[in-house]
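Input: a single structure, listed below in structure tokens.
Letters A, B, ... mirror the listed sequences (proteins, then strands); counts begin at 1.
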Amino acid sequence: MIKVRVFRQGEELTTVPVADLSEVRKQPDLLIWVDVVDASAAELVQMGEEFDLHPLALASCARSGQRPRAEHYPGYVLYVGYTPEHASPDNPLRLHEVDLVAGDNYLLSFHGGTPIDSETVAARVRAHPELAAHGGGFLLYVALDELVDTYFPALDTIGERVEQLEEAVFAGSQVQADIFRLRKDLVAMRRMAGPMRDAMIMLLRRDLGLFSEEGRRYLQDIYDHLIRVVENVEDYQDLTAGALEANLTVLSNRLSDVAKNLGAYAAIFAVVTMVAGIYGMNFDHMPELHWRYGYAWSLGLMVAFAGGLWWYFKRKGWL
Amino acid sequence: MIKVRVFRQGEELTTVPVADLSEVRKQPDLLIWVDVVDASAAELVQMGEEFDLHPLALASCARSGQRPRAEHYPGYVLYVGYTPEHASPDNPLRLHEVDLVAGDNYLLSFHGGTPIDSETVAARVRAHPELAAHGGGFLLYVALDELVDTYFPALDTIGERVEQLEEAVFAGSQVQADIFRLRKDLVAMRRMAGPMRDAMIMLLRRDLGLFSEEGRRYLQDIYDHLIRVVENVEDYQDLTAGALEANLTVLSNRLSDVAKNLGAYAAIFAVVTMVAGIYGMNFDHMPELHWRYGYAWSLGLMVAFAGGLWWYFKRKGWL
Amino acid sequence: MIKVRVFRQGEELTTVPVADLSEVRKQPDLLIWVDVVDASAAELVQMGEEFDLHPLALASCARSGQRPRAEHYPGYVLYVGYTPEHASPDNPLRLHEVDLVAGDNYLLSFHGGTPIDSETVAARVRAHPELAAHGGGFLLYVALDELVDTYFPALDTIGERVEQLEEAVFAGSQVQADIFRLRKDLVAMRRMAGPMRDAMIMLLRRDLGLFSEEGRRYLQDIYDHLIRVVENVEDYQDLTAGALEANLTVLSNRLSDVAKNLGAYAAIFAVVTMVAGIYGMNFDHMPELHWRYGYAWSLGLMVAFAGGLWWYFKRKGWL
Amino acid sequence: MIKVRVFRQGEELTTVPVADLSEVRKQPDLLIWVDVVDASAAELVQMGEEFDLHPLALASCARSGQRPRAEHYPGYVLYVGYTPEHASPDNPLRLHEVDLVAGDNYLLSFHGGTPIDSETVAARVRAHPELAAHGGGFLLYVALDELVDTYFPALDTIGERVEQLEEAVFAGSQVQADIFRLRKDLVAMRRMAGPMRDAMIMLLRRDLGLFSEEGRRYLQDIYDHLIRVVENVEDYQDLTAGALEANLTVLSNRLSDVAKNLGAYAAIFAVVTMVAGIYGMNFDHMPELHWRYGYAWSLGLMVAFAGGLWWYFKRKGWL
Amino acid sequence: MIKVRVFRQGEELTTVPVADLSEVRKQPDLLIWVDVVDASAAELVQMGEEFDLHPLALASCARSGQRPRAEHYPGYVLYVGYTPEHASPDNPLRLHEVDLVAGDNYLLSFHGGTPIDSETVAARVRAHPELAAHGGGFLLYVALDELVDTYFPALDTIGERVEQLEEAVFAGSQVQADIFRLRKDLVAMRRMAGPMRDAMIMLLRRDLGLFSEEGRRYLQDIYDHLIRVVENVEDYQDLTAGALEANLTVLSNRLSDVAKNLGAYAAIFAVVTMVAGIYGMNFDHMPELHWRYGYAWSLGLMVAFAGGLWWYFKRKGWL
């Protein structure tokens with residue numbers, strides 16, 4: 001599905017049918033955003049011809065699972081990025097590819113679904129008519145800014161998971177599977193945000209003449225955000241590794257506690273059984289056996305020994 | 001075994017005998033691919049003379065176990081690469097060396113077996129007659145592209161192994177030997193893919209005049225694929241390391257569970273033995289011994305204690 | 001709240017109301033420090049207009065949670081830093097953002113509370129009238145120096161925590177939660193001090209013309225301090241990791257000791273019960289049973305066995 | 001002991017006494033290799049004077065325990081390398097220093113013993129008269145090539161040790177001391193091969209004018225070999241680390257198995273003792289006690305319980 | 001305490017009082033070494049004025065706890081280094097700061113105590129009159145050489161500690177606290193030697209014009225020594241980490257052995273108690289009870305079972 005939005009000095013024109021795209025592109029002073037959702041093969045070919053895209057650039061937009069990167073082609077740049085979807089700790093993390101092609105007065109975006117809120121983008125374009133002079137670069141900046149901003153709620157969700165994990169670890173719960181899943185998600189996120197950050201450097205390179213000094217300042221801002229995303233992911237990786245180690249130690253402690261606990265009860269039972277064993281011996285001459293309250297005496301002895309041990313272990317912290 | 005394939009503007013000529021190679025090479029507008037399988041000593045010498053290869057370059061093609069790398073010799077480049085063979089998790093991973101020598105209008109390939117599907121390569125050459133103008137560089141690109149593409153099915157197999165491993169880890173199976181083997185394979189793959197990626201940079205160097213701007217774009221694409229291969233291998237290494245740590249924790253938990261389980265049963269047996277011991281004492285005055293249902297009472301006591309403990313441990317999660 | 005302090009050749013003038021700021025700025029030979037605490041939206045706008053700040057620079061000062069960094073804008077530099085607050089091991093570590101903007105003859109500081117002691121800064125400005133010629137750069141130097149100096153007491157507190165931790169580890173206490181918290185604080189501190197250090201390099205860059213040769217020497221001194229802060233944090237990270245590993249080993253030893261201890265007592269109880277069991281057998285012909293002091297003999301046997309084992313295990317170090 | 005070998009265009013002249021060295025050096029078209037074994041103080045001084053060596057260069061040749069490195073002095077280069085000796089897994093790894101000094105038409109080598117086979121070197125010089133034109137650089141190349149080739153058999157021995165280790169790990173043997181020794185040897189080897197590799201870069205530097213384009217190609221080959229040596233060592237380090245982790249897990253499993261085994265047998269003994277205890281009670285009314293085959297019944301009960309448990313634990317894999 | 005030593009062409013002049021320093025400095029052909037031990041505030045000011053030191057340079061000499069580094073000031077360089085003191089494994093490692101200032105014909109050294117043996121330095125200056133022409137740079141070289149040489153005995157002591165540790169680890173001793181202390185010392189040493197090495201690069205920089213080509217060669221030698229120091233420390237860190245891991249495994253093995261041992265003895269006691277329990281049953285018809293030698297038979301049975309188990313466990317290696 002292709003949607004064409006056209007802006008003239010901050011005002012959005014009425015929707016333009018795809019068929020008129022070639023006409024519209026020739027008019028001056030226009031900013032054109034072509035948003036292609038779940039591109040069909042035919043639409044890809046159509047866009048490739050309309051914007052004269054290099055076969056490799058078009059293949060990048062068509063295929064999914066591309067590595068994030070920026071590529072400079074004569075007349076336009078290609079930026080392959082990803083947006084995370086991770087509404088709550090119970091939802092799995094998903095990463096959606098977004099391919100952006102920015103030329104002198106247009107931005108072409110390919111994605112599956114609505115990872116970037118197009119109304120927000122349009123509103124920002126309308127809000128800054130003075131920046132429209134930067135052309136397709138400005139549209140690219142706005143789209144990238146929205147793209148990168150989708151990382152922060154996802155990071156917050158990850159942060160919640162890390163906190164839940166910490167609590168579970170110190171409560172001694174079994175968290176290995178959770179830790180493992182979290183690490184997997186963090187690796188996946190790191191793998192996307194890292195190259196996206198590095199790709200920004202390519203866009204910022206002075207000699208490409210893509211962006212003005214002023215435009216680069218804004219891109220630099222996005223670059224800083226991506227650095228923060230990567231640093232946050234790395235911090236979460238550190239914390240998760242720390243949680244795993246803490247978990248191992250907690251478990252080791254737990255085992256030690258179980259061993260002490262079991263040992264203490266074993267000793268209490270053993271001492272009672274020992275007393276019973278002694279008075280179960282068959283000697284002819286065992287005075288206690290003939291006492292009036294010998295039985296009570298023996299039971300008292302058992303209780304006394306068991307109680308003494310119980311108190312001893314309690315004090316030692318084994319019970 | 002030497003097989004010579006000759007292309008003229010995208011059309012493949014009838015097979016050319018090796019003996020005519022010198023003749024053919026002099027004709028203009030031809031692309032020549034000489035595929036040497038399991039080269040004999042004589043064939044190596046023959047090729048070395050025919051293409052005037054440097055002794056060191058020829059030695060690299062003759063010897064196996066070479067490090068992946070690219071070397072620039074006057075008039076041609078040498079690329080030493082590897083292709084993985086890993087059809088399913090049950091098959092071991094094997095890495096086969098492929099040596100490529102690309103000159104102005106020829107590609108010379110040395111390998112043992114069929115790591116590159118020569119029909120596919122030929123089909124691609126026929127499909128792009130317009131690129132044939134790039135000469136041997138184009139042949140090298142196609143061969144490298146096919147070579148690198150063999151990594152993806154191997155990576156999928158590795159991915160399956162990692163998933164099997166994860167399941168086994170959380171099922172508490174003994175997976176150390178599997179993890180160890182997987183790590184070994186990943187190290188081997190990383191060791192090949194990493195230098196292959198780095199060698200691409202050498203081919204991409206502008207000042208060698210090997211490839212046109214357009215040709216470099218295609219090589220860049222292969223380079224990106226190799227980066228992805230290396231990143232995938234590294235991600236699998238991370239996951240495997242994570243699986244190992246999770247395994248240790250699972251085992252530690254398991255040990256704790258076993259200890260609790262054993263302890264609980266020990267306590268149940270101990271309490272029954274204790275009761276039996278008490279009623280085995282030989283006191284003259286033990287009222288229970290003379291009761292009509294004293295025996296039943298004692299058995300009941302045992303069942304009550306044992307049952308109580310069983311219920312207690314069940315609730316505590318130790319059983 | 002905005003406070004304006006004005007210095008002329010090392011002497012501080014009487015307080016200047018914010019309204020007169022524009023007037024004051026036009027006078028020559030003045031150094032102006034505008035300290036904005038808990039800036040309101042209106043104050044931000046006012047400062048932005050007064051000093052003609054770039055929207056992105058102003059946004060950095062307005063938002064919190066920024067990454068430490070230095071940015072060069074025409075006519076001024078922006079430095080985003082953090083100051084730690086960590087009075088004692090019982091107080092949590094907090095990091096407060098401080099945004100500094102330095103122009104030719106002014107320093108603009110934004111922060112929430114009093115992370116930099118403004119009297120100290122003013123005293124240093126008054127003490128070095130000869131350096132006042134360096135203008136806003138000198139004010140920036142003094143502010144940065146005070147900012148970086150706040151790290152050392154915080155590091156001392158961290159050092160105390162590490163020492164407490166070490167003692168606790170070798171005393172065998174449960175320290176996982178403490179270690180985890182400490183690691184979190186160290187990661188947070190590293191995350192701030194590292195980029196602050198890197199941002200200094202940007203200020204030191206020769207071609208920005210921000211600081212004279214002499215001024216750079218002083219900045220270099222701050223840079224060295226930040227390197228030391230980062231190194232200290234890294235050393236504490238190493239020590240903490242070492243403490244965690246030592247803790248695991250201590251716990252493992254502890255478990256071993258508990259097992260030995262329990263085993264030794266189990267053996268002592270078992271030998272006594274065994275003797276009692278033997279004399280509880282019902283054979284017709286058991287001479288000891290009919291001895292005059294058979295009972296005493298059996299008790300003596302028990303004590304002898306138990307004592308012997310006790311002595312044996314004591315010597316072996318199991319008790 | 002000093003041995004002088006002189007070559008003229010690939011032919012070796014009769015041995016030249018050390019005293020004639022100064023004479024010989026003045027003749028054109030000669031390649032001189034002075035091999036100094038276990039140099040005495042006097043011999044060192046003599047060589048230092050004869051070849052006009054810098055005091056620091058001479059000190060490097062005299063002292064042992066030097067770091068591998070290459071140094072450029074006016075008129076000659078100094079290369080400090082090491083050769084490993086590790087004939088079989090039972091022999092310890094030893095590293096012997098070899099110091100090489102190469103000038104325009106000579107190579108001076110200092111070592112203790114026969115780490116480089118001098119006959120092999122001489123044979124290679126005789127075999128390539130055409131390369132003799134490269135002078136001392138050619139001799140240095142041959143010596144370095146022989147030196148680096150000594151690493152491969154040593155690596156094979158290390159490989160054997162790693163394999164023995166793996167088998168031992170999965171057989172559950174105690175391998176910590178072996179792993180520790182292996183790691184130590186790998187660190188030692190890495191510490192020598194790494195700087196040797198880096199030192200090659202210095203020799204390869206274009207602006208030293210040491211080697212022709214062709215000569216550099218050969219040195220590059222040695223450099224590649226050293227990279228492979230270092231990579232092999234690193235791979236073995238990875239495998240060893242993996243073996244250690246696997247060992248820990250195997251041990252953890254083993255402990256778990258022992259615990260299960262012990263627990264199962266404890267349960268079997270406990271159930272038999274329990275039955276015996278029950279029939280050892282002294283109740284007046286215990287019907288079984290008066291049965292004709294009560295004893296057999298009790299023994300049968302014990303066997304049944306014990307057998308049942310045995311079967312149960314067998315099925316559960318605890319026995 | 002300030003001591004002034006003056007050399008003229010390798011000969012040391014009679015001691016010069018500090019008051020004459022200004023006079024002496026004006027004379028040509030002199031090398032002046034001013035050694036300041038435990039500098040008082042007054043002495044620092046005096047030296048600062050005499051040699052016209054920059055306030056920051058003087059502050060570095062006054063304060064302790066500085067980071068090792070080299071700084072270039074107009075007319076002189078400042079080198080901040082550390083010397084270790086670690087006479088034997090029982091003495092703690094201490095690091096003492098040494099600040100060196102080298103100008104055209106003087107060396108100024110600040111330290112607390114006698115980390116550099118001044119007689120040795122003086123003897124070396126006297127021994128090389130020809131190098132005296134290099135001025136203060138030569139004095140700096142000699143002082144740095146002595147400084148760096150103090151690391152090697154300290155490293156030997158560390159090596160002894162590592163060896164003691166290894167032995168203790170494989171003897172199964174508790175070594176965590178020792179390992180922890182050793183790691184701390186290694187981190188401290190690494191933290192000093194690393195920046196000292198990096199600071200040498202600054203001194204070696206060609207464009208500072210500090211040292212002649214020949215002088216740089218000698219500094220390069222010190223630089224190589226510092227690289228070796230750092231590498232040695234890193235190797236010891238590796239070995240220590242390996243020892244810690246080995247320790248964990250040894251402990252794990254030990255625990256397993258203890259468990260087996262305890263289990264074996266528990267089984268032996270249990271089997272004896274079981275036999276006693278069986279013959280303690282009160283069945284009317286138990287033939288053995290009425291045998292003449294029934295008691296002996298039962299004791300024999302116990303010994304046989306216990307002996308059998310003992311032999312079984314011995315063979316299995318559990319005892």
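- For B/Arg67, the parts lying near chain D are the backbone and the side chain together; criterion is any non-hydrogen pair under 4.5 Å.
- Using a 4.5 Å cut-off between heavy atoms, D/Asp221 contacts chain B through its side chain alone, with no backbone atom that close.
- Here the CD1 atom belonging to B/Ile179 is positioned 11.5 Å from the CZ atom belonging to B/Arg161, to the nearest 0.5 angstrom.
- The aromatic rings of D/Phe152 and D/His225 sit perpendicular, their planes meeting at an angle over 60°, well past the 30° parallel limit.
- Looking at B/Glu288, both its backbone and its side chain come within 4.5 Å of chain D, counting heavy atoms on both sides.
- If you measure heavy-atom distances from B/Phe180 to chain D, the contacts under 4.5 Å come from the side chain alone.
- Interface remark: B/Ile268 contributes no atoms to any contact with chain D (heavy atom separation under 4.5 Å).
- Taking chain B as the reference chain and counting heavy-atom pairs below 4.5 Å, the highest number among D/Val250, D/Leu248, D/Thr273 is found for D/Val250.
- Within the model, atoms OG1 of D/Thr150 and CG of D/Asp145 stand 10.5 Å from one another, a figure rounded to the nearest 0.5 Å.
- In terms of the ring-ring contact (aromatic ring centres under 6.0 Å, His included) criterion, B/Trp310 has no residue partners (sequence neighbours excluded).
- Chosen from D/Phe283, D/Phe170, D/Tyr218, the residue pairing most often with chain B at heavy-atom distances under 4.5 Å is D/Phe283.
- Looking at B/Arg292 and D/Asp284, no side-chain N of the basic residue comes within less than 4.0 Å of a carboxylate O on the acidic one, giving no salt bridge.
- In this structure, the separation between CG on B/Leu251 and OG on B/Ser256 is 12.0 Å, given to the nearest 0.5 Å.
- There is no contact between D/Ala276 and chain B, counting heavy-atom distances below 4.5 Å.
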Can D/Leu262 and B/Leu262 be said to form a side chain to side chain contact (heavy atoms under 4.5 Å, CB included), step by step?
-> CA-CA 9 Å; D/Leu262 289 177; B/Leu262 290 177; over 6 Å; no
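- Once rounded to the nearest 0.5 Å, the distance linking CZ of B/Arg254 with NZ of D/Lys260 reads 7.5 Å.
- The parts of B/Ala177 that come within reach of chain D are both its backbone and its side chain, each placing non-hydrogen atoms under 4.5 angstrom from that chain.
- In terms of heavy atoms, D/Asn282 sits closest to B/Asn282 at ND2-OD1, 2.9 Å.
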Given B/Asn261 and B/Trp318, is the side chain to side chain contact (heavy atoms under 4.5 Å, CB included) satisfied, shown in steps?
-> CA-CA 5 Å; B/Asn261 209 268; B/Trp318 286 32; over 6 Å; no
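- One finds the CD1 atom of B/Ile158 at 4.5 Å from the NE2 atom of B/His86 (value rounded to the nearest 0.5 Å).
- Of the listed residues (D/Asn253, D/Ile227, D/Val275), the one with the most heavy-atom contacts under 4.5 Å to chain B is D/Asn253.
- Top candidate by heavy-atom pairs under 4.5 Å with chain D, chosen from B/Glu71, B/Arg183, B/Gln66, B/Arg191, is B/Arg191.
- Proximity to chain B involves both the backbone and the side chain of D/Ala267, based on heavy atoms less than 4.5 angstrom apart.
- Between B/Tyr73 and B/His54, the ring planes are tilted. Angles from 30° to 60° get that label.
- Your options are B/Met274, B/Arg190, B/His290, B/Arg69, and the one with the most heavy-atom pairs under 4.5 Å with chain D is B/His290.
- Within residues 230-239 of chain B, no residue has any heavy atom under 4.5 Å from a heavy atom of chain D.
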